[in-house]
S.K.: 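Let me give you the structure first, and then I'll get to my questions.
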Amino acid sequence: MPRVLTGRTIIYSDETEVTKENVCAIIGKAMGTHSGNRSAIDYLYNYYKGNQPILLKTTDIRPEINNIVLENRANEIVNFKVGYLLGEPIQYVARNKSDVSEAINTLNDFVFAEDKASKDKEIAEWFTVCGTAYRLVLPDIQGEIDESPFEIFTLDPRNTFVVYTNDIEKKPLLGVTYVDRENGTRLYTCYSQTSTFYVEERVDKGKATRTAEEEINNLGGIPIIEYPANSIRVGAFEVVITLLDAINQMASDRADAIDGFVQALMVFKGVDIDDDTFRAIKELGGLKVPADGDVKYLVQELNQQSTQTLVDNMYQTVLTIVGMPSTGDGNTSDSSNNGAVILKNGWYGAESRAKDTELMFKRSEKMFLKIALRIASTFKHLDLKLSDIDIRFTRRNYENLLVKSQVLTTMLANDKIHPRLAFEQSGMFIDTELAYTMSEEYQKQNEEKEAEELNNLRFKMGAEDIESKSKDNPNNNEVVDDENN
């Protein structure tokens with residue numbers, strides 16, 4: 001019976017405030033839901049790595065023919081989704097103010113120093129596999145030499161969860177991550193809006209007891225941020241897992257059918273034969289039978305063409321459901337226009353799914369930035385607000401440059417369209433505000449240079465004219481003086 005998976009369950013609590021007195025009770029209730037999520041996440045993660053049900057395949061009839069063929073399409077789906085979404089690093093750019101560009105460049109330097117691009121990939125890989133992921137941001141350890149004032153960690157979702165308030169706001173109430181120690185105890189590190197709790201759990205005779213210690217949380221928020229893939233927290237291949245199992249089963253059965261054909265049973269009709277004689281027949285390759293006897297192979301060959309048609313249909317269904325482009329012959333295009341290719345063969349669906357994931361990612365990224373900006377303001381005096389920042393995914397930014405440049409040129413030539421709008425709508429630049437500002441400064445420099453050259457030219461032409469008149473009237477100094485005056 002295949003395992004039924006329908007996304008991860010969100011953990012809620014009726015509590016509105018976390019204290020040292022109720023934190024253990026909140027954790028105890030949350031662990032019931034988290035255990036179910038943990039089991040599903042562990043199954044999906046192992047499935048992604050290649051530990052799939054087909055490996056347990058057995059054959060009751062002729063058990064010596066039991067081929068196991070595993071086509072790890074789950075790994076293919078995850079790698080495509082992650083690579084397509086984060087093929088290029090996420091960029092922070094100015095939303096609508098040019099005077100914060102320098103501060104945003106400093107923020108980009110901080111996240112570069114923390115190698116955030118690779119950690120974004122880890123986040124994307126986790127939520128693509130199991131539907132959700134978690135990030136932890138903390139101030140740098142005292143004494144550590146680092147360009148960035150904060151540290152970024154990717155947490156294992158099997159050991160991490162966030163508890164939300166059970167009201168209309170559904171705000172994060174408590175962020176929890178835990179480790180199992182060698183002495184058999186479990187240590188929970190929990191963050192609320194104002195406190196950090198360290199809860200130690202001991203199990204004695206099947207009963208768990210928890211003790212808590214409390215510290216002040218000065219970060220201004222919960223530093224454990226959840227990055228869900230979607231509202232129901234379902235993984236990319238989770239919705240097609242039964243189809244993936246069927247493809248593995250069919251590939252294995254086809255290999256069994258080939259082996260069965262090669263090792264077909266020999267039927268003796270009207271011929272009595274013992275084991276020694278049969279072995280001799282196999283070595284010699286032939287035998288003599290009576291006139292009324294008959295010997296033949298028992299063969300039923302699998303129709304490979306029909307089977308391949310079914311496999312192709314199932315695989316195409318998988319691609320359609322998960323939003324991936326076709327990879328067969330239909331993926332070739334006679335058009336050199338990348339935009340036309342995107343509209344064909346499922347690429348448009350892949351792009352729309354990526355944009356949907358972007359919205360979820362940006363919501364969590366803003367929560368991360370609130371904490372990171374507070375740390376940067378405290379330790380590096382970075383004056384930057386969340387409203388100053390726009391989060392840009394740079395995927396496919398350099399495709400169709402000819403079309404984008406034509407759009408930009410056409411809009412700039414229209415006097416009724418503000419140049420800033422032309423830069424924004426063309427899609428040619430990642431940071432449109434910075435690009436517009438630089439272009440505006442460059443245009444002013446060119447205008448000043450042209451004006452200076454024109455003045456120099458006029459002065460030169462005037463000097464040449466005076467010199468010409470002086471040569472024509474060598475004895476008439478008054479004319480030259482009048483010209484100079």
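On a predicted model such as this, the values are computed, not experimentally measured, just so you know. Computation of the quantities below employed the complete heavy-atom set of this structure, encompassing side-chain atoms and omitting hydrogens, waters and symmetry-equivalent molecules.
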S.K.: Walk me through it: do I391 and L369 pass the test side-chain contact (heavy atoms from CB on, under 4.5 Å)?
M.R.: CA-CA 10 Å; I391 304 164; L369 283 173; 4.1 Å; yes
S.K.: Could you tell me whether a side-chain N or O of E238 sits under 3.5 Å from a main-chain N or O of G7, the two making a donor and an acceptor?
M.R.: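 Such a contact is found between E238 side chain and G7 backbone.
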S.K.: Please work out which of the three classes, parallel, tilted or perpendicular, describes the rings of F80 and Y84, given edges at 30° and 60°.
M.R.: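 Plane angle under 30°, so parallel.
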S.K.: Is there side-chain contact between I225 and V137, with heavy atoms separated by less than 4.5 Å?
M.R.: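 Touching, per the 4.5 Å side-chain cut-off.
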S.K.: Between T196 and E215, does any side-chain donor sit less than 3.5 Å from a side-chain acceptor?
M.R.: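 Per modelled atom types, T196 and E215 side chains form no pair under 3.5 Å.
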S.K.: Going through the checks in order, is the side-chain contact (heavy atoms from CB on, under 4.5 Å) test met by T160 and V176?
M.R.: CA-CA 6 Å; T160 309; V176 181; over 6 Å; no
S.K.: If every non-hydrogen atom of A124 is compared with every non-hydrogen atom of L86, which pair is closest and at what distance?
M.R.: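 For A124 versus L86, the nearest heavy atoms are CB-CD1, 3.6 Å.
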S.K.: Tell me whether R392 is salt-bridged to D390, with the criterion being a basic N under 4.0 Å from an acidic carboxylate O.
M.R.: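 Yes, this pair counts.
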S.K.: Check this for me: K362, atom NZ, are more than 12 non-hydrogen atoms of other residues, nucleotides or ligands nearer than 6.0 Å?
M.R.: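 Count over threshold, so yes.
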S.K.: Looking only at non-hydrogen atoms, find the nearest pair between T132 and P228 and report the distance.
M.R.: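 Reported closest heavy-atom pair: OG1-CA, 3.9 Å.
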S.K.: Hey, do the aromatic rings of Y227 and F361 have their centres closer than 6.0 Å?
M.R.: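 Ring centres of F361 and Y227 closer than 6.0 Å.
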S.K.: Between E114 and V111 (side chain of the first, backbone of the second, donor and acceptor by atom type, cut-off under 3.5 Å), is there such a pair?
M.R.: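 Checked: no pair found.
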S.K.: For residues N105 and D109, is any side-chain donor paired with an opposing acceptor at under 3.5 Å?
M.R.: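 Checked: N105/D109 side chains show no N/O donor-acceptor pair below 3.5 Å.
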S.K.: Where the side chain of T165 meets the backbone of K171, is there a donor-acceptor pair that is under 3.5 Å apart?
M.R.: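 Between the backbone of K171 and the side chain of T165 there is a qualifying donor-acceptor contact (under 3.5 Å).
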S.K.: Taking D388 for its side chain and A94 for its backbone only, find out whether a donor-acceptor pair lies under 3.5 Å.
M.R.: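 No, D388 side chain to A94 backbone: no donor-acceptor pair under 3.5 Å.
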S.K.: Could you give the distance from OG1 (T106) to NE2 (H381), rounded to the nearest 0.5 Å?
M.R.: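 Between T106 OG1 and H381 NE2, I get 13.0 Å after rounding to 0.5 Å.
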S.K.: Measure across G323 and K81 and return the closest heavy-atom pair with its distance rounded to 0.1 Å.
M.R.: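 That closest heavy-atom pairing would be O-NZ, 3.6 Å.
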S.K.: Taking everything shown except K119 itself, do over 12 heavy atoms lie less than 6.0 Å from its NZ?
M.R.: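 Atom NZ in K119 is packed in, count exceeds 12.
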S.K.: Under 4.5 Å between any side-chain heavy atoms of V199 and C24, yes or no?
M.R.: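 Of all side-chain heavy-atom pairs linking C24 with V199, at least one is under 4.5 Å.
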S.K.: Backbone N or O of G349 within a donor-acceptor pair of the S352 side chain at under 3.5 Å?
M.R.: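 Side chain of S352 to backbone of G349, a donor-acceptor pair under 3.5 Å: yes, one is there.
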S.K.: How long is the straight-line distance from CZ of R374 back to CG of L386, given to the nearest 0.5 Å?
M.R.: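 Reported to 0.5 Å precision, the distance equals 14.0 Å.
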S.K.: Please report the shortest heavy-atom distance between I41 and P157, naming the atom on each side.
M.R.: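 The pair with the smallest heavy-atom distance is CD1-O, 3.8 Å.
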S.K.: Among residues at least two apart in sequence or on other chains, which ones pass salt bridge (charged side-chain N to carboxylate O under 4.0 Å, His left out) with E365?
M.R.: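 For E365 the salt bridge (charged side-chain N to carboxylate O under 4.0 Å, His left out) partners, ignoring immediate neighbours, are K116, R135.
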S.K.: Do V179 and N159 have side chains that approach each other closer than 4.5 Å (heavy atoms only, starting at C-beta)?
M.R.: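 When only atoms from C-beta onward are counted, N159 and V179 do not touch, as no gap falls below 4.5 Å.
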S.K.: Indicate, with yes or no, if the rings of F161 and Y134 have centres closer together than 6.0 Å.
M.R.: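 No, ring centres 6.0 Å or more apart.
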S.K.: Just checking, K170 and Y12: is the charged tip under 6.0 Å from the six-membered ring centre and within 45° of the axis?
M.R.: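 Positive - K170 is close enough to the ring of Y12 and near enough to its axis.
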S.K.: Step through the shown structure and confirm whether more than 12 heavy atoms of other residues, nucleotides or ligands are within 6.0 Å of NZ on K57.
M.R.: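 Yes, the 6.0 Å shell around NZ holds more than 12 heavy atoms from other groups.
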S.K.: Work out which heavy atom in R8 is nearest to a heavy atom in C130; give both atom names and the distance.
M.R.: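 Minimum heavy-atom contact is NH1-O, 2.8 Å.
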S.K.: Please say whether the positively charged group of R233, taken as NZ for Lys or CZ for Arg, lies over the ring of F127, i.e. under 6.0 angstrom from the six-membered ring centre and within 45 degrees of the axis.
M.R.: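 Because its charged atom misses either the 6.0 Å distance or the 45° angle limit, R233 does not stack over F127.
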S.K.: Give the intermediate values and the outcome of side-chain contact (heavy atoms from CB on, under 4.5 Å) for residues V18 and F197.
M.R.: CA-CA 10 Å; V18 183; F197 302 94; 3.6 Å; yes
S.K.: Any side-chain donor-acceptor pair under 3.5 Å between T209 and E201?
M.R.: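 Distance-only check fails for T209 and E201.
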S.K.: Once rounded to the nearest 0.5 Å, what's the spacing between atom CD1 of I11 and atom CE of M31?
M.R.: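 The CD1 atom of I11 sits 8.5 Å away from the CE atom of M31.
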S.K.: Is the shortest side-chain heavy-atom distance between V100 and R95 below 4.5 Å?
M.R.: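 The answer is no, as the side chains (C-beta and beyond) never meet within the 4.5 Å cut-off.
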S.K.: Does any part of the side chain of R73, heavy atoms only, come nearer than 4.5 Å to the side chain of Y315, both counted from C-beta?
M.R.: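 Side-chain contact under 4.5 Å: yes.
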S.K.: With the side chain counted from C-beta on, respond yes when V162 and I222 share a heavy-atom pair under 4.5 Å apart, and no when they do not.
M.R.: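 A side-chain contact under 4.5 Å is absent here.
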S.K.: Please list, chain by chain and in numerical order, all residues satisfying side chain to side chain contact (heavy atoms under 4.5 Å, CB included) with D42, sequence neighbours excluded.
M.R.: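 If we apply the side chain to side chain contact (heavy atoms under 4.5 Å, CB included) test to D42, skipping adjacent residues, the hits are N46, R158.
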S.K.: Could you work out, with side chain to side chain contact (heavy atoms under 4.5 Å, CB included) as the rule, every residue matching L138, not counting sequence neighbours?
M.R.: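 Testing L138 for side chain to side chain contact (heavy atoms under 4.5 Å, CB included), a comparison that skips the adjacent residues, returns L136, F153, Y191, L219, P223.
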S.K.: Give a yes-or-no answer on whether the side chains of E125 and Y45 include a donor-acceptor pair shorter than 3.5 Å.
M.R.: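 Absent: no donor and acceptor within the cut-off.
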S.K.: Please report the interatomic distance CD1(I224) to CE(M367), rounded to the nearest 0.5 Å.
M.R.: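 Rounded to the nearest 0.5 Å, the CD1-CE separation comes out at 11.5 Å.
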S.K.: Are any non-hydrogen side-chain atoms of F368 and I152 less than 4.5 angstrom apart?
M.R.: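 The answer is yes, as the side chains (C-beta and beyond) meet within the 4.5 Å cut-off.
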S.K.: In terms of side-chain heavy atoms, does Q249 have a donor or acceptor partner in D253 at a distance below 3.5 Å?
M.R.: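 Yes, D253 and Q249 have a side-chain donor paired with an acceptor closer than 3.5 Å.
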S.K.: Verify the distance criterion only: is there a donor paired with an acceptor across the side chains of Q52 and N72 at less than 3.5 Å?
M.R.: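 Yes, N72 and Q52 have a side-chain donor paired with an acceptor closer than 3.5 Å.
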S.K.: Give me the atom names and distance for the closest heavy-atom approach of A354 to L85.
M.R.: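 Smallest heavy-atom distance, with atoms named: O-CD1, 3.8 Å.
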S.K.: Are there more than 12 heavy atoms of other residues, nucleotides or ligands under 6.0 Å from atom CD1 of I216?
M.R.: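 No, CD1 of I216 has 12 or fewer neighbouring heavy atoms, counting only those of other groups under 6.0 Å.
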S.K.: How many angstroms lie between atom CG of L382 and atom CD of E102, to the nearest 0.5 angstrom?
M.R.: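 One gets 10.0 Å once the value is rounded to the nearest 0.5 Å.
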S.K.: With a cut-off of 6.0 Å (strictly less than), are more than 12 heavy atoms of other residues, nucleotides or ligands near CG of D180?
M.R.: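 Correct, the count exceeds 12.
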S.K.: Verify the distance criterion only: is there a donor paired with an acceptor across the side chains of T309 and D312 at less than 3.5 Å?
M.R.: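 D312 and T309 do not have a side-chain donor-acceptor pair below 3.5 Å.
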S.K.: Between N217 and Q193, is a side-chain contact (heavy atoms from CB on, under 4.5 Å) present by the stated rule, with each step listed?
M.R.: CA-CA 7 Å; N217 174 14; Q193 295 288 343; 6.0 Å; no
S.K.: What distance separates D167 CG from T16 OG1, expressed to the nearest 0.5 Å?
M.R.: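 Here the rounded value is 8.5 Å.
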S.K.: Quick one: does I54's side chain get under 4.5 Å of S252's, heavy atoms only?
M.R.: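 Yes, their side chains come closer than 4.5 Å.
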S.K.: Is a salt bridge present between R181 and E200, judged by a nitrogen-to-oxygen distance below 4.0 Å?
M.R.: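 Yes.
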